[in-house]
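Contents: one structure, followed by commentary.
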Protein chains: 2
Amino acid sequence: MSGFGPGGPFLADCPARLTVELLADKWTAVVLYGLSRGPVRHGELIELIGGISRKMLTQTLRRLEAHGLVSRHAYAEVPPRVEYELTPLGASLIDPIHTLTEWARENADAVLDALDTTPEPNGHGD
Amino acid sequence: MSGFGPGGPFLADCPARLTVELLADKWTAVVLYGLSRGPVRHGELIELIGGISRKMLTQTLRRLEAHGLVSRHAYAEVPPRVEYELTPLGASLIDPIHTLTEWARENADAVLDALDTTPEPNGHGD
DNA sequence: CTGAATCCACGACGATACTG
DNA sequence: CAGTATCGTCGTGGATTCAG
């Protein structure tokens, strides 16, 4: 790793950029993680995640669906039932995300501590 | 792992949320990755990353510094020289991020393909 | 239950110009 | 070279309301 040459390592067409930008919002990673246990209903995700609005959940799921990470299954029942499920591609993203959450569990304390010991929103040009 | 119980798995105080939101912007992960080779100067990062503005770079570095992931070293020289470096805490985040970029390199093709086969911004209420 | 549509606030982001 | 300030734009995200 760490083997990008000098001159143009992070070009816009770098595949890493796509993934980073795919997760670069408040809910995408959380929603993916919420789907990691199997098919889940819309309402279930709302409860499961906690704090997300229906609008953002739907919007996030739509994007993930467009990216081929999530599949949607609507059942013509009464009341309506819609289930979301990770595609194999989406499921393969769970592992990287999980690596991230594991880091979080081990280092959240240190990060919070650093935030606490840096209470000065003061610039360096002080 | 993957064993969050039903009822409240993703509470706001979950450490994973902090990390996800820390990376939930366009540049944080990229900047961290750009620092993974060792101390780098401001201007070098601009060239290295490509596409980021000085403002966003400084802003991102400031936040990472506040979170204890990056350290800043200013040298009183002429012309001024400022180097940024990952702290041990920050360095420990490179691995999870690298896992993500590896996934990207292997699956970016599939994602782009899915995006291509989903040209319909049409709702499901079709 | 699901989700679309609207209104609105806020912050991210970029471009530029200016300071040290 | 490094960084700030300002401005304008646009997307994100929340609350609410309407529809199937």
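Per chain, numbering begins at 1; letters A, B, ... match sequence-line order.
In this structure, A:Trp27 reaches the D:dG14 phosphate: one of its side-chain N or O atoms is under 4.0 Å from OP1 or OP2. Contact between the side-chain N/O atoms of B:Lys26 and the OP1/OP2 oxygens of D:dG11 is not found at any separation under 4.0 Å.
Residues satisfying the side-chain hydrogen bond (donor to acceptor under 3.5 Å, both in side chains) test with A:Ser92, not counting sequence neighbours, are B:Trp103.
Remark: P of D:dA15 and CD1 of A:Ile52 are 12 Å apart, rounded to the nearest angstrom. For the pair A:Leu57 CG and C:dA5 P, the computed distance is 16 Å after rounding to whole Å. When the P atom of C:dG3 is taken as reference, atom CD1 of A:Ile46 falls 10 Å away, rounded to whole Å. In this structure, the CG atom of B:Leu45 is 13 Å from the C1' atom of D:dC1, given to the nearest Å. The CZ-P distance, from B:Arg17 to D:dG13, rounds to 12 Å in whole Å. Rounded to an integer number of Å, the gap from B:Glu44 CD to D:dA2 P is 8 Å.
Each of B:Arg54 and B:Arg63 lies near DNA chain C, and the nucleotide nearest B:Arg63 is the one positioned closer to the 5' end. Mapping B:Arg41 and A:Ala24 onto DNA chain D by nearest heavy atom places B:Arg41 closer to the 5' end of the strand.
Ion pairing between a basic and an acidic side chain is recognised when a charged N comes within 4.0 Å of a carboxylate O; A:Glu21 and A:Arg17 show no such pairing.
A 4.5 Å side-chain heavy-atom check between B:Asp116 and B:Leu112 finds every atom pair outside the cut-off. Contact of the A:Arg62 side chain with the A:Arg72 side chain is registered, since non-hydrogen atoms from C-beta on lie closer than 4.5 Å. At least one side-chain heavy atom of B:His42 sits less than 4.5 Å from a side-chain heavy atom of B:Leu57.
Between A:Ala16 and B:Ala104, the closest heavy-atom pair is CA-CB, 3.7 Å.
With hydrogens and angles disregarded, no donor-acceptor distance shorter than 3.5 Å links the side chain of A:Asn107 to the backbone of A:Ala110.
For the helix from C:dC1-D:dG20 to C:dG20-D:dC1, the terminal axes (five pairs an end, C1' atoms, rotation from four pairs onto the next four) enclose an angle of 40°, given to 10 degrees.
In the set D:dG14, C:dG14, C:dA4, C:dG14 carries the atom at the smallest distance from any side-chain atom of B:Met56. Comparing C:dC13, D:dG3, C:dG3 by their nearest atom to the side chain of A:His42 picks out C:dG3.
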Heteroatom pairs (N/O) under 3.5 angstrom, protein to nucleotides 5-7 of chain D:
none

